[in-house]
Peer 1: 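Supplied in structure tokens, the structure appears directly below.
Heavy-atom basis, side chains included; hydrogens, waters and symmetry copies ignored. Each ligand, and each atom within it, is numbered from 1 in the order the structure gives.
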Amino acid sequence: MAITISIGSGKGGTGKSMVIANLGLLLAKAGRRVCVADLDLGGADIHILYGFFEPETTLTDFLTRKVESLAEITHTLDSFGGLQIIAGSGNTLQTANMTFQEKQRLLRGLSSIDTDILLIDVGAGTSFHALDFFMFSDIQICVTNPEPTAIMDFYNFLQLATIRKALSSFLSTGEVGKALKEHRFETLAEVFALAEDIQPGAKEHAQQALTSFNPLLITNMAGVNAKINQLKLRKLVSKYLSIYIPDLGDIPLDNTVKEAMRAYLPVCEYSPKAPASQALVAISAKLEKVIDLFNKKRQR
Ligand SMILES: Nc1ncnc2c1ncn2[C@@H]1O[C@H](COP(=O)(O)OP(=O)(O)OP(=O)(O)O)[C@@H](O)[C@H]1O
Ligand SMILES: [Mg+2]
């Protein structure tokens, strides 16, 4: 069974596609079987980062039922370590109106892909779809930038994700689950307060569930202030969202990333010695350790 890893952010343009394109390649080169799925429903572009311009089939073919299985739209990139890719649809209308059943069909399809590691780009923003795809995975990664606006959006994104996680922890506890279902919550504190009102001890139950939600943080386009901001951010999410976000690493602002993009190559392939490439190699090695740990736990 594949381990699924989803990558999201609040703000657009933080570098998710760049990170996925490079991590996919590095993990494949490390001998892992990797599949990259582009579920960014508006701005699907990962295939282009590999210079793969016109995939004959994309996610649209699966969503419109032209094909029945995701295997039929999975392409193998031989020149990138045999990496597999499912190109996104980029068809916002098609995907924005996805019904519950259609989404379930897609998620079932993703679960049955024959690979070891499935990397999912969920796109930017806090739409229902983006959050569903994000929470679907075994491991979550957030890519943010050090600027205050990116950090604010990242915090909001995390807050909505924790609300979902807390709510899903009540699904099996009849009373609380039923009462919370109809509500639209804006803060996690509201969820805690209402749950505790209905059933004393419910807040602790939800907090317990949140201890298993540990999205990994990548700070991209990092400068000297990134570390300081991260400390503040960690305190904030621990206090208000009851979660811990482990650090996966920083990637410096590096013009080589843009050069590589213009050459239609992941920067790790285009210029392995560039600062951004070296940072990505370190992140990939750390991620491999997280993956191995997860697989070990799953086997127990
Ligand atoms: N470390 C970096 N140094 C310099 N430029 C970078 C870096 N990371 C990303 N970029 C540039 O930032 C832009 C956005 O990157 P990318 O498309 O990967 O972001 P994204 O989060 O996927 O965006 P979207 O939310 O629109 O999907 C690109 O032009 C990319 O070349
Ligand atoms: Mg992108």
Peer 1: Where is the nearest protein heavy atom to atom 28 (C) of ligand 1: which residue, which atom, and how far?
Peer 2: Met261 SD, 3.7 Å
Peer 1: Taking all heavy atoms of Thr57 and all of Asp61, pick out the closest pair and write down the distance.
Peer 2: CA-OD2, 3.1 Å
Peer 1: May I have the step-by-step check of side-chain contact (heavy atoms from CB on, under 4.5 Å) for Met221 and Val257, ending in yes or no?
Peer 2: CA-CA 10 Å; Met221 310 191 205; Val257 172; over 6 Å; no
Peer 1: Testing the basics here: between Pro246 and Pro215, what is the closest heavy-atom pair and its distance to 0.1 Å?
Peer 2: CD-O, 3.3 Å
Peer 1: Does a side chain donor of either Gln84 or Thr115 reach within less than 3.5 Å of an acceptor in the other side chain?
Peer 2: no
Peer 1: When you look at CZ of Phe192, are more than 12 heavy atoms from neighbouring residues, nucleotides or ligands closer to it than 6.0 Å?
Peer 2: yes
Peer 1: Within the 4.0 Å heavy-atom shell around Pro252, which atoms of ligand 1 are there?
Peer 2: 1 (N), 2 (C), 3 (N)
Peer 1: Charged N to carboxylate O under 4.0 angstrom, Lys11 versus Glu147?
Peer 2: no
Peer 1: Check for a donor-acceptor pair, side chain of Glu196 on one end and backbone N or O of Gly201 on the other, with a separation under 3.5 Å.
Peer 2: yes
Peer 1: Taking all heavy atoms of Pro146 and all of Gly223, pick out the closest pair and write down the distance.
Peer 2: CG-N, 4.2 Å
Peer 1: Would the distance check show the side chain of Thr14 and the main-chain N or O of Val143 forming a donor-acceptor pair, the cut-off being under 3.5 Å?
Peer 2: yes
Peer 1: Please give me the minimum heavy-atom distance between Leu210 and Ser242, naming the atom from each residue.
Peer 2: CB-O, 3.9 Å
Peer 1: Would you please determine whether Ala260 falls within less than 4.0 Å of ligand 1 on a heavy-atom basis?
Peer 2: no
Peer 1: So if I count the atoms of ligand 1 from 1 in the order they appear, which ones are less than 4.0 Å from some heavy atom of Lys258?
Peer 2: 5 (N), 11 (C), 12 (O), 29 (O), 31 (O)
Peer 1: Verify, without hydrogens or angle tests, whether Asp153 (side chain) and Ser9 (backbone) share a donor-acceptor contact under 3.5 angstrom.
Peer 2: no
Peer 1: Which is it for Ser17 and ligand 1 at heavy atoms under 4.0 Å: side chain, backbone, both or neither?
Peer 2: both
Peer 1: Please write down residue, atom name and distance for the protein heavy atom closest to atom 26 (O) of ligand 1.
Peer 2: Gly13 N, 3.7 Å
Peer 1: Select one of side chain, backbone, both or neither to describe which atoms of Asp121 lie under 4.0 Å from any atom of ligand 1, heavy atoms only.
Peer 2: neither
Peer 1: Which of the atoms in ligand 1, numbered in the order shown and given with their element, are less than 4.0 Å from a heavy-atom of Asp40?
Peer 2: 27 (O)
Peer 1: Between Ile251 and Leu265, is there a shared hydrophobic cluster once you connect ILVMFWY residues whose side-chain heavy atoms come closer than 4.5 Å?
Peer 2: yes
Peer 1: Students should be able to answer this: which protein heavy-atom is nearest to atom 8 (N) of ligand 1, and at what distance?
Peer 2: Asn220 ND2, 2.9 Å
Peer 1: Would you mind listing which atoms of ligand 1 come within a distance below 4.0 Å of any non-hydrogen atom of Gly12?
Peer 2: 25 (O)
Peer 1: Look at ligand 1 and say whether Ser9 reaches it with a heavy atom at a distance under 4.0 Å.
Peer 2: no
Peer 1: Give the atom numbers and elements of ligand 1 that come within less than 4.0 Å of a heavy atom of Ala124.
Peer 2: 25 (O)
Peer 1: Using a heavy-atom cut-off of under 4.0 Å, does the side chain or the backbone of Val19 touch ligand 1, or both, or neither?
Peer 2: neither
Peer 1: Please enumerate all residues that pass ring pair (Phe, Tyr, Trp, His ring centres under 6.0 Å) together with His75, with sequence neighbours excluded.
Peer 2: Phe52
Peer 1: How far apart are the C-alpha atoms of Lys16 and Asp40, what are their side-chain angles, what is the distance that settles it, and do they pass the salt bridge (charged side-chain N to carboxylate O under 4.0 Å, His left out) test?
Peer 2: CA-CA 10 Å; Lys16 294 173 295 299; Asp40 182 347; over 6 Å; no
Peer 1: In terms of residue, atom name and distance, what is the protein heavy atom nearest to atom 6 (C) of ligand 1?
Peer 2: Val257 CG1, 3.6 Å
Peer 1: Which ligand 1 atoms, with their elements, are less than 4.0 angstrom from a heavy-atom of Leu253?
Peer 2: 3 (N), 4 (C)
Peer 1: Where does Met18 meet ligand 1, judged by heavy-atom distances below 4.0 Å: at the side chain, the backbone, both, or neither?
Peer 2: both
Peer 1: Please determine whether a side-chain nitrogen of the Lys or Arg among Arg105 and Glu68 lies less than 4.0 Å from a carboxylate oxygen of the Asp or Glu.
Peer 2: yes
Peer 1: Quick check for you: within a radius under 2.8 Å, how many protein N, O or S atoms neighbour the Mg ion (ligand 2)?
Peer 2: 1
Peer 1: Any idea which of Val143, Asn145, Asn255, Asp254 brings a heavy atom closest to atom 3 (N) of ligand 1?
Peer 2: Asp254
Peer 1: Could you check atom 21 (O) of ligand 1 against the protein and tell me its nearest heavy-atom contact, residue, atom and distance included?
Peer 2: Lys16 NZ, 2.7 Å
Peer 1: Which residue holds the protein heavy atom closest to atom 12 (O) of ligand 1, what is that atom called, and what is the gap in Å?
Peer 2: Met221 CE, 3.5 Å
Peer 1: Distance-only, no hydrogens or angles: does the Gln140 side chain make a donor-acceptor pair with backbone N or O of Ser6 under 3.5 Å?
Peer 2: no
Peer 1: Give me the nearest non-hydrogen protein atom to atom 19 (O) of ligand 1 as residue plus atom name, then the distance to 0.1 Å.
Peer 2: Gly15 N, 3.0 Å
